[in-house]
Amino acid sequence: MPLHTTLYYIFFFVLFFLLVVSIQRDSYGKKIPYFAVVVLLISFNGLRYFVGRDYHVYMDGYSNSYSEALIHMEPLWKGLRAILLHFHMHVAIWFLLTAAFIVIFVLRAYRKQSYFFPLALLAFVLVYPLYFETFNTVRQACAQTVILFTFPLFRDKKYWQTLILLLIAFSLHRTATIMFFFLPLCFVRYSRILVGAILIVGVTILPYLLYAGFKMLVESHLVSNFYITTDSLLPQVASLSPAILFRLAIAFYFLYRQRELLEKDASLLPYLNALFFATFLNLLAIRVFSIGTATRFSLYFTYTYPILLSNVYWIGKNIDRWAIFVIFFFEITICVKSIYTADSREDRFYLYDTIFFDREQPMSYPGKKKISLLSPLKEKTSTPKRTLLCYLK
């Protein structure tokens with residue numbers, strides 16, 4: 001990892017932890033550190049350069065009217081692109097706007113639905129894939145943000161408002177269609193034996209059965225809009241890994257504690273079910289599909305994970321607090337590994353750059369290309385030094 005990238009991450013995490021502590025300890029100055037952490041999260045996301053699997057896809061779609069990436073975008077995003085291009089905005093404005101939308105509304109949802117907001121904020125950044133996955137699935141992350149607000153509305157039987165938000169989420173990303181079906185299911189209390197049996201079957205027998213079925217479905221091109229292609233299928237069902245076992249252990253712990261937790265607070269039910277749905281879909285995704293496709297569906301439920309952790313920590317027993325401490329230890333380990341190891345080469349987290357980096361310096365990553373952002377993609381013959389003004393002109 002380059003030195004400048006290491007310094008970026010050190011600065012980000014140190015400042016983030018200091019602000020979270022300030023939010024927790026300073027009852028009179030909460031608004032100031034809260035505003036500061038919002039600015040930090042937006043800036044670190046929105047000012048990145050070539051970080052995230054789909055970064056080049058959005059650059060291509062923004063600057064090239066004939067791009068395949070633009071064809072797959074929903075009409076709402078095409079309209080936003082047209083407005084920004086009309087005012088000759090740089091693509092960085094696109095990323096800043098999406099980052100602001102995600103961060104502001106995710107944190108607002110966590111503040112309203114969690115009992116211990118600083119812990120939910122920690123989980124949002126330290127649990128992968130949550131905050132750092134917004135660098136990749138930009139449009140879907142916006143849809144996931146909207147879905148967060150549907151849980152309290154559906155609980156309060158405000159069905160028309162829920163439907164409107166579901167439609168807005170669908171307009172942001174097509175994968176949100178699954179929440180029309182799964183959102184009501186999150187409010188059904190299931191037998192612990194049934195859920196446990198489904199999780200066990202899901203990690204053992206079901207992947208082999210679904211592999212054959214989904215392969216036939218994918219080859220029929222019926223689900224092309226959900227970004228599942230024949231190439232995304234693994235040649236064989238993947239073996240159990242420590243990550244799978246860890247996710248499964250978390251689900252079984254909360255399944256074991258479900259009865260007592262719901263007796264204390266029945267409002268935990270949809271968040272517990274969301275964890276079970278996310279675990280089940282993640283198990284299938286890891287064992288049957290590549291991570292970049294089928295996990296799209298599980299992310300809609302994973303966004304409620306910080307709410308569950310913070311609320312259980314607040315109302316639970318000491319054993320729950322110790323369990324959450326252990327969960328955070330492993331989640332931080334996974335997050336750091338995703339950032340600092342070669343496994344993140346597709347995401348390029350380990351080569352973090354900002355849009356202000358000096359173009360006259362050697363490229364950190366050989367795959368990066370110097371491109372014109374307001375014209376069809378092509379390599380530049382010269383590399384003038386970037387300034388802030390060139391992005392805002």
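Note that these values count all heavy atoms, side chains included, but never hydrogens, waters or copies made by symmetry. These numbers were taken from a predicted model, which means no experiment stands behind them.
- Taking the six-membered ring where tryptophan is involved, the planes of W94 and Y58 are tilted, since the angle between them lies from 30° to 60°.
- Here the side chain of S310 pairs a donor or acceptor atom with the backbone of I307 at under 3.5 angstrom.
- You'll find the side chain of M179 stays beyond 4.5 Å of the side chain of T150, heavy atoms only.
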With side chain to side chain contact (heavy atoms under 4.5 Å, CB included) as the criterion, how do L97 and L84 come out once you've worked through the C-alpha distance, each side chain's angles and the decisive distance to 0.1 Å?
CA-CA 11 Å; L97 288 176; L84 294 180; 4.0 Å; yes
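- Judged by distance alone, the side chain of H173 and the main-chain N or O of F170 form no donor-acceptor pair under 3.5 Å.
- For the pair Y305/I327, a side-chain contact is recorded, criterion being any heavy-atom separation below 4.5 Å from C-beta on.
- Both F17 and L40 belong to a single network of hydrophobic side chains, linked directly or stepwise wherever heavy atoms of I, L, V, M, F, W or Y lie under 4.5 Å apart.
- Within the 4.5 Å cutoff, side-chain heavy atoms of I102 are placed close to those of C142.
- Inter-residue side-chain proximity for I104 and I42 is flagged as met; some heavy-atom pair is nearer than 4.5 Å.
- Just one residue in the list F11, Y9, F16, Y49 forms a ring-ring contact (aromatic ring centres under 6.0 Å, His included) with F44, and that residue is Y9.
- Using cut-offs of 30° and 60° on the angle between ring planes, the pair Y313 and F116 is parallel.
- A 4.5 Å side-chain heavy-atom check between V326 and Y253 finds every atom pair outside the cut-off.
- Using a 3.5 Å distance cut-off with no hydrogens or angles, the side chains of Y8 and D353 do not pair a donor with an acceptor.
- L3 is not connected to I339 by any chain of hydrophobic side-chain contacts under 4.5 Å among Ile, Leu, Val, Met, Phe, Trp and Tyr, and they are in different clusters.
- Tested against F95 for a ring-ring contact (aromatic ring centres under 6.0 Å, His included), the candidates Y62, Y55, F101 yield a single pass: Y55.
- For the residue pair S65 and R81, a side-chain donor N or O sits within less than 3.5 Å of a side-chain acceptor on the partner.
- The structure places CD1 of I147 at 8.5 Å from CD1 of I178, a figure rounded to the nearest 0.5 Å.
- Around the NZ atom of K317, the shell of radius 6.0 Å holds no more than 12 heavy atoms that belong to other residues, nucleotides or ligands.
- Taking the six-membered ring for Trp and the full ring otherwise, the centers of F182 and F301 sit less than 6.0 Å from each other.
- Heavy atoms from other residues, nucleotides or ligands lying under 6.0 Å from CZ of F246 number more than 12.
- The minimum heavy-atom distance linking S67 with D60 is given by the pair OG-OD2, 3.1 Å.
- With rounding to the nearest 0.5 Å, the separation of CG in L309 from CG in D320 is 11.0 Å.
- When atom types are taken as modelled, the side chain of R111 and the backbone of F117 share no donor-acceptor pair closer than 3.5 angstrom.
- Using modelled atom types, one side-chain atom of Y131 and one backbone atom of L41 make a donor-acceptor pair closer than 3.5 Å.
- Taking hydrophobic clusters as Ile, Leu, Val, Met, Phe, Trp and Tyr residues chained together by side-chain heavy-atom distances below 4.5 Å, F12 does not share a cluster with I10.
- The same ILVMFWY cluster, assembled from side-chain heavy atoms under 4.5 Å apart, contains both F181 and F276.
- Under the 6.0 Å cut-off for aromatic ring centres, F132 and F135 qualify, their centroids lying closer than that.
- Nearest heavy atom pair, residue L261 against residue G316, reads CD2-CA, 4.4 Å.
- Ring pair Y300/F277: centre-to-centre distance not below 6.0 Å.
- Nearest heavy-atom pair across N273 and C186 is ND2-O, 2.8 Å.
- Judged by distance alone, the side chains of R192 and Q258 never bring a donor and an acceptor atom under 3.5 Å apart.
- Remark: R321 CZ is packed, more than 12 non-hydrogen atoms of other residues, nucleotides or ligands lying under 6.0 Å away.
- Counting heavy-atom neighbours within 6.0 Å of K158 NZ, excluding the residue itself, gives a total of 12 or less.
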Using the rule given for side chain to side chain contact (heavy atoms under 4.5 Å, CB included), can you reason through V312 versus L308, listing the C-alpha separation, both sets of side-chain angles and the distance that settles it, and then say yes or no?
CA-CA 6 Å; V312 170; L308 176 64; 3.7 Å; yes
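- Under the 3.5 Å distance criterion, with hydrogens and angles disregarded, no donor-acceptor pair is assigned to the side chains of Y128 and E331.
- With rounding to the nearest 0.5 angstrom, the OG1 atom of T162 is 10.5 Å from the CZ atom of F151.
- At most 12 non-hydrogen atoms from other residues, nucleotides or ligands lie less than 6.0 angstrom from OH of Y256.
- Distance alone, capped at 3.5 Å, is enough to place a donor-acceptor pair between the T5 side chain and the Y352 backbone.
- At least one side-chain heavy atom of L262 sits less than 4.5 Å from a side-chain heavy atom of R189.
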Would you check, one step at a time, whether the test side chain to side chain contact (heavy atoms under 4.5 Å, CB included) holds for L70 with K78?
CA-CA 7 Å; L70 181 62; K78 293 178 181 178; 4.0 Å; yes
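- Both W160 and F154 are part of a single hydrophobic cluster, where members link through side-chain heavy atoms under 4.5 Å apart.
- Summarising the geometry, atom OG1 belonging to T333 is positioned 10.5 Å from atom CG belonging to L126; distances are rounded to the nearest 0.5 Å.
- In this structure, OG1 on T175 lies 8.5 Å from CG on L299, to the nearest 0.5 angstrom.
- Of the possible polar contacts, none joining the D54 side chain to the V138 backbone as a donor-acceptor pair under 3.5 Å is found.
- Using a 4.5 Å cut-off on side-chain heavy atoms (C-beta onward), V125 and L130 make no contact.
- Residue-environment remark: CD1 (I193) stays at or below the threshold of 12 foreign heavy atoms within 6.0 Å.
- Taking CD1 from I315 and CD from E260, the interatomic distance works out to 9.5 Å, rounded to the nearest 0.5 Å.
- Contact between A274 and T304 at its shortest, heavy atoms only, is CB-OG1, 3.2 Å.
- A donor-acceptor pair under 3.5 Å links the side-chain atoms of Q113 to the main chain of L148, judged by distance alone.
- Within the 4.5 Å cutoff, the side chain of T279 has no heavy atoms near those of the F254 side chain.
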